[in-house]
Amino acid sequence: QVQLVESGGGLVQDGGSLRLSCAASTRTFSIYVMGWFRQAPGKEREFVAAISRGWNRYFGDSVKGRFAISRDNAKNEVYLQMNSLKPEDTAVYYCAADSTVGGTDYYSSDPKEYDFWGQGTQVTVSS
């Protein structure tokens, strides 16, 4: 069992930046594909970004060019740097871990593929 704890959410103005962190309680953090998803009220959970075991990075279309994802395997943490935030980025952001066996560039944008989830952190972007 892997516990994930997100932090760094909050209220920010349109055009601002936030950095989310996710700490994982596992000694085998490096084997997981790590992803970020978000869910706004009344909407389905949406893929935001993922970073593979081999540090390949993938992004949802709505955040490409504005968000960055990174990981620190020594600290068992994954980060989501969010720049040029827009009101439509307002959502609860979730960190997730996928243990699917695959190549170093493997990732999934399907939340059903992820085995472990954090409790979420609220991000609100005011206009």
Side-chain angles (χ1 to χ4, degrees):
Q1 192 77 0
V2 177
Q3 291 188 325
L4 302 172
V5 179
E6 302 98 335
S7 61
L11 174 65
V12 64
Q13 289 189 332
D14 190 355
S17 297
L18 278 176
R19 186 187 191 224
L20 304 183
S21 299
C22 172
S25 65
T26 175
R27 296 182 179 179
T28 57
F29 179 75
S30 63
I31 72 170
Y32 291 93
V33 176
M34 298 302 298
W36 286 96
F37 291 79
R38 67 187 183 186
Q39 190 163 20
K43 294 189 176 181
E44 292 186 354
R45 194 160 293 193
E46 176 189 12
F47 171 72
V48 175
I51 184 165
S52 72
R53 298 177 190 84
W55 293 66
N56 297 83
R57 295 164 171 87
Y58 306 91
F59 298 93
D61 289 342
S62 61
V63 306
K64 282 179 182 176
R66 299 188 297 123
F67 289 13
I69 187 171
S70 60
R71 65 190 298 163
D72 186 333
N73 289 346
K75 293 184 178 180
N76 292 350
E77 293 185 349
V78 62
Y79 310 100
L80 185 69
Q81 178 65 45
M82 304 185 294
N83 300 323
S84 302
L85 282 162
K86 306 173 183 180
E88 50 263 44
D89 293 318
T90 296
V92 177
Y93 283 71
Y94 297 92
C95 171
D98 178 359
S99 63
T100 302
V101 175
T104 55
D105 61 346
Y106 164 81
Y107 89 104
S108 177
S109 60
D110 183 351
K112 298 184 184 68
E113 295 297 322
Y114 287 76
D115 307 288
F116 305 102
W117 291 83
Q119 81 289 350
T121 186
Q122 177 71 46
V123 171
T124 302
V125 184
S126 63
S127 56

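Note that the structure is a prediction, hence the values are computed from the model and not measured.
Side-chain atoms of Q39 do not come within 3.5 Å of backbone N or O of A91 as any donor-acceptor pair. Although no hydrogens or angles enter the test, the distance criterion places a donor-acceptor pair under 3.5 Å between the side chain of T121 and the main chain of G9. Under a 3.5 Å cut-off, the side chain of R57 and the backbone N or O of A49 do not form any donor-acceptor pair. Looking at S52, its side chain never comes within 3.5 Å of a backbone N or O of Y106 through a donor-acceptor pair. For R38 (side chain) and E46 (main-chain N/O), no donor-acceptor pair under 3.5 Å exists by modelled atom type.
Salt-bridge annotation for K86 and D89: absent, with no side-chain N of the basic residue lying under 4.0 Å from a carboxylate O of the acidic one.
No more than 12 heavy-atom neighbours from other residues, nucleotides or ligands sit within 6.0 angstrom of CD on Q3.
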Take V125 and Q13 through the test side chain to side chain contact (heavy atoms under 4.5 Å, CB included) and record every step on the way to the result.
CA-CA 5 Å; V125 184; Q13 289 189 332; over 6 Å; no
Would F59 and I69 count as a side chain to side chain contact (heavy atoms under 4.5 Å, CB included) here? Give the steps.
CA-CA 9 Å; F59 298 93; I69 187 171; 3.8 Å; yes
Test log, rule side chain to side chain contact (heavy atoms under 4.5 Å, CB included), inputs D98 and D115:
CA-CA 5 Å; D98 178 359; D115 307 288; 3.9 Å; yes
Verdict with supporting geometry, L11 and S126, side chain to side chain contact (heavy atoms under 4.5 Å, CB included)
CA-CA 7 Å; L11 174 65; S126 63; 4.2 Å; yes
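Looking at Y79 and Q81, their side chains never bring a donor and an acceptor atom within 3.5 Å of each other.
Here the CD atom belonging to E6 is positioned 8.5 Å from the OH atom belonging to Y94, to the nearest 0.5 angstrom. The distance from atom CG of L4 to atom SG of C95, rounded to the nearest 0.5 Å, is 4.5 Å. Expressed to the nearest 0.5 Å, how far OG of S30 lies from CG of D72 amounts to 11.5 Å.
Among residue pairs with one or both ends in residues 16-56, those qualifying as ring pair (Phe, Tyr, Trp, His ring centres under 6.0 Å) are F37-F47, F37-Y114, F37-W117, F47-Y107; sequence neighbours excluded.
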